[in-house]
**Student:** 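Mind having a look at this structure? Questions to follow.
FYI, the numbering just counts along the sequence from 1.
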Amino acid sequence: MFPLYDDNPTQDTSIVVYSLIVVNVLIFGYQLSLLDFQFAQWIGNWALIPKGFVANPIRESITLISSQFLHGNILHLVGNMWFLYLFGNNIEYKLGHWKFLFFYLLCGVCSGLAQVITAPMSGLPMLGASGAISGVMGAYLVRFPRARIVTLLWIGFSFIPIPIPAVVFLGLWIAGQTIYAAMANPNLPGVAYLAHVSGFVVGAIAVLIYSKFTKK
């Protein structure tokens, strides 16, 4: 399943979403300019490495934020930015610009900490905006469960766009991520599925609490 767009327009410009996309693209462009040894040093300095974080959490705390703006390859970047663009605008509109930025970074930080807790001695770098964006998706499920996500599905011998309720699309997505997380070894290279799940849960809970106290 690949989401194309939703039927949930907003009445405001998503300044933070667009800014995050621009910053991520610019940083990735800088990464491409680096030589191999420079790139390795760059990742070592700014990605979240659980073993390094456990050894010196104060010094390495910045990597909980900086790692959210690094990506391993172009597909990683494009996929994340598309999901941020698709689901982020509505959440930014509901929360407001500055609250959305705090919310986004908070989800990313929590997803990174979840990875550290489950694999504290791992020397593998964790990078990408997936945890933060998963939080946005969790918030979208809570706030807009009936919105329609027009999704490309492989039916027969071709892709066909079909509108799917957000509760179904995002429910299937998080169910798949949870299964993958249960099967994956966080100490081995691969996708940080647990970070996706934890970010999603944090995002959903945070928006539920915010909605309860603000009535928005």
**Student:** side-chain contact (heavy atoms from CB on, under 4.5 Å) for Phe200 and Thr178? Distances and angles first, verdict last.
**Tutor:** CA-CA 10 Å; Phe200 190 96; Thr178 303; over 6 Å; no
**Student:** Examine the side chains of Asn89 and Tyr18 and answer whether a donor and an acceptor come within less than 3.5 Å of each other.
**Tutor:**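 Per modelled atom types, Asn89 and Tyr18 side chains form no pair under 3.5 Å.
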**Student:** Spell out, as yes or no, whether a donor-acceptor pair under 3.5 Å connects the side chain of Glu92 to the backbone of Val16.
**Tutor:**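 Indeed, once roles are kept as given, a pair shorter than 3.5 Å links the two residues.
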**Student:** Is the closest side-chain heavy-atom distance between Val150 and Ile162 below 4.5 Å?
**Tutor:**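 A side-chain contact under 4.5 Å is absent here.
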**Student:** Would you tell me whether Asn90 and Thr10 have side-chain atoms, one donor and one acceptor, within less than 3.5 Å of each other?
**Tutor:**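 No pair is found: no donor N or O on one side chain lies under 3.5 Å from an acceptor on the other.
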**Student:** Rounded to the nearest 0.5 Å, what separates atom CG in Leu127 from atom OG1 in Thr63?
**Tutor:**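 The distance works out to 11.0 Å.
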**Student:** Out of curiosity, Ser134 OG to Asn80 CG, how far, rounded to the nearest 0.5 Å?
**Tutor:**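 Going from the OG atom of Ser134 to the CG atom of Asn80 covers 8.0 Å.
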**Student:** Using the rule that two of Ile, Leu, Val, Met, Phe, Trp, Tyr join whenever any of their side-chain heavy atoms come within less than 4.5 Å, decide whether Val25 and Ile15 are in one cluster.
**Tutor:**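 Cluster IDs for Val25 and Ile15 differ.
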**Student:** If every non-hydrogen atom of Leu4 is compared with every non-hydrogen atom of Leu86, which pair is closest and at what distance?
**Tutor:**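 Leu4 and Leu86 have their closest heavy atoms at O-CD1, 4.3 Å.
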**Student:** Can you check whether Ser211 reaches Arg143 side chain to side chain, under 4.5 Å on heavy atoms?
**Tutor:**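 Counting from C-beta outward, Ser211 and Arg143 do come under 4.5 Å.
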**Student:** Answer yes or no: is there a donor N or O on one side and an acceptor on the other, between the side chain of Ser122 and the main chain of Leu124, under 3.5 Å?
**Tutor:**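 Here the side-chain-to-backbone pair exists.
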**Student:** At their closest point, which heavy atom of Ala195 faces which heavy atom of Ser198, and how far apart are they?
**Tutor:**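 Smallest interatomic distance, heavy atoms only, reads O-OG, 3.1 Å.
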**Student:** Can you tell me if Phe69 has over 12 outside heavy atoms packed within less than 6.0 Å of its CZ?
**Tutor:**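 Correct, the count exceeds 12.
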**Student:** Below 30° counts as parallel, above 60° as perpendicular, anything between as tilted: where do the rings of Phe103 and Phe100 land?
**Tutor:**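 Tilted: the ring planes of Phe103 and Phe100 meet at 30° to 60°.
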**Student:** Do Lys94 and Phe144 have side-chain heavy atoms sitting under 4.5 Å apart?
**Tutor:**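 Yes. Closest side-chain heavy atoms under 4.5 Å.
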**Student:** With clusters defined by side-chain heavy atoms of hydrophobic residues (ILVMFWY) lying less than 4.5 Å apart, directly or transitively, does Ile43 cluster with Leu188?
**Tutor:**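 As far as the 4.5 Å side-chain criterion goes, Ile43 and Leu188 are not connected within one cluster.
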**Student:** Check for me, please, whether Leu26 and Leu105 land in the same ILVMFWY cluster - side-chain distances under 4.5 Å, paths through other members count.
**Tutor:**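 No: no chain of side-chain contacts under 4.5 Å links Leu26 to Leu105.
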**Student:** Working to the nearest 0.5 Å, report the span between CG of Leu170 and CG of Leu141.
**Tutor:**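 Here the rounded value is 5.5 Å.
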**Student:** Counting only heavy atoms not in Ile74 (residues, nucleotides, ligands), do more than 12 fall under 6.0 Å from its CD1?
**Tutor:**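 Check passes, neighbour count above 12.
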**Student:** For the pair Phe83 and Val136, evaluate side-chain contact (heavy atoms from CB on, under 4.5 Å) and give the outcome as yes or no after the intermediate values.
**Tutor:** CA-CA 9 Å; Phe83 274 69; Val136 174; over 6 Å; no
**Student:** Any side-chain to backbone donor/acceptor pair from Gln115 onto Ser111? Under 3.5 Å, distance only.
**Tutor:**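 Not at all, since once roles are kept as given, no pair shorter than 3.5 Å links the two residues.
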**Student:** Which of these passes ring-ring contact (aromatic ring centres under 6.0 Å, His included) with Tyr140: Phe169, Phe87, Trp173?
**Tutor:**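 It is Phe87, the one option of Phe169, Phe87, Trp173 that forms the ring-ring contact (aromatic ring centres under 6.0 Å, His included) with Tyr140.
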**Student:** Checking side-chain contact (heavy atoms from CB on, under 4.5 Å) for the pair Val109/Val202: CA distance, chi angles, key distance, verdict?
**Tutor:** CA-CA 10 Å; Val109 166; Val202 168; over 6 Å; no
**Student:** State yes or no: do Tyr180 and Met126 share one hydrophobic cluster built from I, L, V, M, F, W and Y residues joined by side-chain heavy-atom distances below 4.5 Å, directly or via other members?
**Tutor:**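 Tyr180 does not cluster with Met126.
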**Student:** Minimum heavy-atom separation for Asp12 to Tyr93, with atom names?
**Tutor:**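 Asp12 and Tyr93 have their closest heavy atoms at CB-CD1, 3.6 Å.
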**Student:** Apply side-chain contact (heavy atoms from CB on, under 4.5 Å) to residues Asn24 and Leu77 and explain how you reach the verdict.
**Tutor:** CA-CA 8 Å; Asn24 275 278; Leu77 173 72; 4.0 Å; yes
**Student:** How long is the straight-line distance from CG of Leu48 back to CG of Leu64, given to the nearest 0.5 Å?
**Tutor:**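 The distance works out to 5.5 Å.
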**Student:** Do other residues, nucleotides or ligands put more than 12 heavy atoms under 6.0 Å from Phe2 CZ?
**Tutor:**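 Yes, CZ of Phe2 has more than 12 neighbouring heavy atoms, counting only those of other groups under 6.0 Å.
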**Student:** Do Leu208 and Met137 belong to the same hydrophobic cluster, where Ile, Leu, Val, Met, Phe, Trp and Tyr are linked whenever their side-chain heavy atoms lie under 4.5 Å apart, directly or via other members?
**Tutor:**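 Yes, same cluster.
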**Student:** A side-chain contact here means heavy atoms from C-beta on lying under 4.5 Å apart; do His196 and Val191 qualify?
**Tutor:**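 The answer is yes, as the side chains (C-beta and beyond) meet within the 4.5 Å cut-off.
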**Student:** Show me the side-chain donor-acceptor pairs of residues 27-40 shorter than 3.5 Å, one per line, residues at least two apart or across chains.
**Tutor:**
from: Gln31; atom 1: NE2; to: His71; atom 2: O; distance (Å): 2.8
from: Ser33; atom 1: OG; to: Tyr30; atom 2: O; distance (Å): 2.5
from: Gln38; atom 1: OE1; to: Leu35; atom 2: N; distance (Å): 2.9

**Student:** Of all the heavy-atom pairs spanning Met121 and Val54, show the shortest one and how long it is.
**Tutor:**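 Looking at all heavy atoms of both residues, the closest pair is CE-CG1, 4.0 Å.
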**Student:** Heavy-atom count check: over 12 atoms from other residues, nucleotides or ligands less than 6.0 Å from Met183 CE?
**Tutor:**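 It does not: Met183 CE has 12 such atoms or fewer within range.
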**Student:** Checking Ser67 side chain against Ile65 main chain: does a donor-acceptor pair fall under 3.5 Å?
**Tutor:**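 Pair absent, no side-chain N/O of Ser67 close to backbone of Ile65.
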**Student:** Would you call Leu152 and Ile160 a side-chain contact if the rule is heavy atoms closer than 4.5 Å?
**Tutor:**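 With C-beta onward as the side chain, the pair stays apart.
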**Student:** Verify the neighbour count for atom CH2 of Trp154: are there more than 12 heavy atoms of other residues, nucleotides or ligands below 6.0 Å?
**Tutor:**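 Correct, the count exceeds 12.
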**Student:** For Gly203 and Cys107, work out which heavy atoms get closest and say how close.
**Tutor:**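 Here Gly203 and Cys107 meet closest at CA-SG, 3.7 Å.
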**Student:** Has Trp42 got more than 12 heavy atoms of other residues, nucleotides or ligands less than 6.0 Å from its CH2?
**Tutor:**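 Enclosed: over 12 neighbouring heavy atoms sit under 6.0 Å from CH2 of Trp42.
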**Student:** Between Trp82 and Pro3, is there a donor-acceptor pair closer than 3.5 Å when you use the side chain of the first and the backbone of the second?
**Tutor:**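 Yes, the answer is positive, given that a donor and an acceptor are paired below the 3.5 Å cut-off.
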**Student:** Check Ile133 against Met81 and note the closest heavy-atom contact, atom names and distance.
**Tutor:**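 Nearest pair, atom of Ile133 first, then Met81: CD1-CE, 4.2 Å.
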**Student:** Mind checking whether Leu95 and Tyr210 have side chains closer than 4.5 Å, heavy atoms only?
**Tutor:**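 Heavy-atom side-chain distance check passes, below 4.5 Å.
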